[in-house]
There are 2 protein chains.
Amino acid sequence: MTKRKQARHHQIIAELTASPVVRISSLATQLGVSAETVRRDIDELTRQGLVERTYGGAASQHIGFQPAVLDRDRMAVIERARIARHAAGLVGDGDVVMIDAGSTTTQLARALAARPLSFTVLTNNIDVAAALGHNPRCRVILAPGDFDGRERGLFGAETTAFLHRFHADLAFIGASGITADGATEVETRAVWVKREILERAARTLLLVDSSKFDSRHLEIVCPLERLGGIVTDRVPGGALGLAIRRAGLNLEIAPVDQNMLDSPQKNV
Amino acid sequence: MTKRKQARHHQIIAELTASPVVRISSLATQLGVSAETVRRDIDELTRQGLVERTYGGAASQHIGFQPAVLDRDRMAVIERARIARHAAGLVGDGDVVMIDAGSTTTQLARALAARPLSFTVLTNNIDVAAALGHNPRCRVILAPGDFDGRERGLFGAETTAFLHRFHADLAFIGASGITADGATEVETRAVWVKREILERAARTLLLVDSSKFDSRHLEIVCPLERLGGIVTDRVPGGALGLAIRRAGLNLEIAPVDQNMLDSPQKNV
DNA sequence: CCCATTTTGTGGTAGTTCCGGCATTTTTAT
DNA sequence: ATAAAAATGCCGGAACTACCACAAAATGGG
């Protein structure tokens, strides 16, 4: 292993920490060697398990990335992005916000990161923290606890005890389902955290996409009237819609983003 | 936007949550449509900023991924992988291990995740938690605190106070440099956590690559004799080597992995 | 300094992807 | 039901990538 070769390997890995994919052709130009050499370099790094080979280039090994989301939850990505974007607009400057663990709330954090506000976030989800961590105007406090790799969050007695010591202006929680009886959840451990958040925040908004309407799960997190409002993508009908109106909840419907069509185009 | 098209978009995004890159050809087969259609789908998703276009496919937008590593630190990736792999071998079944935040220690966690052991990990780094979170034989406890997006870890009074309540058999810490006077570190906030870990663990090993030899930074974490040992990639010479021998430290040199050459090859 | 080894470049072929245009099918609206 | 619009598939040439084998160049001891 010569110095030059080693330096190239380092450079390739460095590129991959910046971008998730690199192309052999661009690396060849950039490193001043032939594409064939780069190809051999990547093959070697692949054997060492440091990068992943792709057609035309290499990709970074996303070790603990997001095998998270359960299969059932995978299908509402676009709706959830809309909901998250809308919810992010409800946060004001200087707010202290609690954010629950969940796929919608992770999206919320990403949307929040783009807003030009100063605020403080308390969360038990590492992706929420990671998304907001680079915003210098935002203070992120992560709760302790037992780490769950599927939910990518922290749960247990340590978590609730920690949250108990704080107070928030606004909180966002997710749920597995919502019925006229209230928000329902599959994960028992997550329920305790959600209840603690409800307890510690002046106002709590539930983030659910319409696929969760009338979906009843193991445990009821709280009755509808305990919530401050619901952010979703469609007006719920039937018994659920009635119950929501009766409970006097603030119902926020995330609008379809029309100007999505001419947003910046990124080419590789 | 028809239902079928929307379903494809969802499916494409779902695939990307599982794998960082997908290929148009495989998607075409999988979705039962022509490659042209998939290409158009991806173009659309790209305009919406939901995925990133690559040659032959698409990649996931890695929002808060790892722009982490400082430029100075970027260059020793391969050495650090070796060190991490070796250090992982030092953990025994049933151990309680504390792991510091840092790029080498993140690698350590990845190596540990592959070992068939039961153990408990306490850490202040979210990548360490994420790497180990899917191992059912491993309990991961994450410390609370103020989240730092650059270091991807937790720091501050909450962090040290939390760690103070635990005890570990073994701890791994990183450092910005090592001199005859001890381990040195740039980040003041990180130093407090490292000191707390030193305090709470029966035995502490320092993980440093050879580029950090004789590199003095703002603060001294601890004198050499306070450490239980050092894991690195090369025998340190000069004053540093002498001081290490004099302090009676256990010096572990990570071997070059010769059988790296016939490890499993992954093709996309 | 020379030899053995490793590393790198080149050339050619085969396989993939890209892009544009156009015909066909499906969906939507009147 | 019918026309307009949208979505999809197919084709062919151009551009790119993969793979292989071999030659040239650089490297590292003895």
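Labels below follow one simple rule: chain letters A, B, ... track the order of the sequence lines, proteins then strands, and each chain is numbered from 1.
- With rounding to whole Å, A:L27 atom CG is found 12 Å from D:dA18 atom P.
- In summary, B:K5 and B:D41 do not engage in a salt bridge, as defined by a charged side-chain N under 4.0 Å from a carboxylate O.
- Looking at residues two or more places apart in sequence or on another chain, you find a side chain to side chain contact (heavy atoms under 4.5 Å, CB included) between B:A28 and B:A35, B:V38.
- Between the P atom of D:dT8 and the CD1 atom of B:I42 lies a distance of 14 Å, rounded to the nearest Å.
- Partners of A:E187 under the salt bridge (charged side-chain N to carboxylate O under 4.0 Å, His left out) rule, at least two apart in sequence or in another chain, are A:R150.
- Taking atom OH of A:Y55 as the reference point, atom P of C:dT17 lies 6 Å away to the nearest angstrom.
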Would you list the protein and nucleotides 6-10 of chain C atom pairs, both N or O, that sit under 3.5 Å from each other?
{"residue": "C:dT7", "atom": "OP1", "partner": "A:M1", "partner atom": "N", "Å": "3.3"}
{"residue": "C:dT7", "atom": "OP1", "partner": "A:K5", "partner atom": "NZ", "Å": "3.4"}
{"residue": "C:dT8", "atom": "OP1", "partner": "A:R8", "partner atom": "NH1", "Å": "2.7"}
{"residue": "C:dT8", "atom": "OP1", "partner": "A:R8", "partner atom": "NH2", "Å": "2.9"}
{"residue": "C:dT8", "atom": "OP2", "partner": "A:R8", "partner atom": "NH2", "Å": "3.0"}
{"residue": "C:dG9", "atom": "OP2", "partner": "A:S34", "partner atom": "N", "Å": "3.1"}
{"residue": "C:dG9", "atom": "OP2", "partner": "A:S34", "partner atom": "OG", "Å": "3.0"}
{"residue": "C:dG9", "atom": "OP2", "partner": "A:T37", "partner atom": "OG1", "Å": "2.3"}
{"residue": "C:dG9", "atom": "N7", "partner": "A:R40", "partner atom": "NH2", "Å": "2.9"}

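- Whole-Å rounding puts the A:R53 CZ to D:dT17 P distance at 11 Å.
- Every residue two or more places apart in sequence or in another chain that forms a side-chain hydrogen bond (donor to acceptor under 3.5 Å, both in side chains) with A:R216 is listed here: A:D181.
- With sequence neighbours left out, the salt bridge (charged side-chain N to carboxylate O under 4.0 Å, His left out) criterion links B:E185 to B:K194.
- B:D43 has its CG atom 14 Å from the C1' atom of D:dT8, to the nearest Å.
- By the side chain to side chain contact (heavy atoms under 4.5 Å, CB included) test, A:S34 pairs with A:E36, A:T37, sequence neighbours left out.
- Atom CD1 in A:I24 sits roughly 11 Å away from atom C1' in D:dC16 (whole-Å rounding).
- Here the P atom of nucleotide C:dT17 and the CZ atom of A:R23 are 12 Å apart, to the nearest Å.
- Contact check, A:R39 against D:dC19: no side-chain N or O comes under 4.0 Å of OP1 or OP2.
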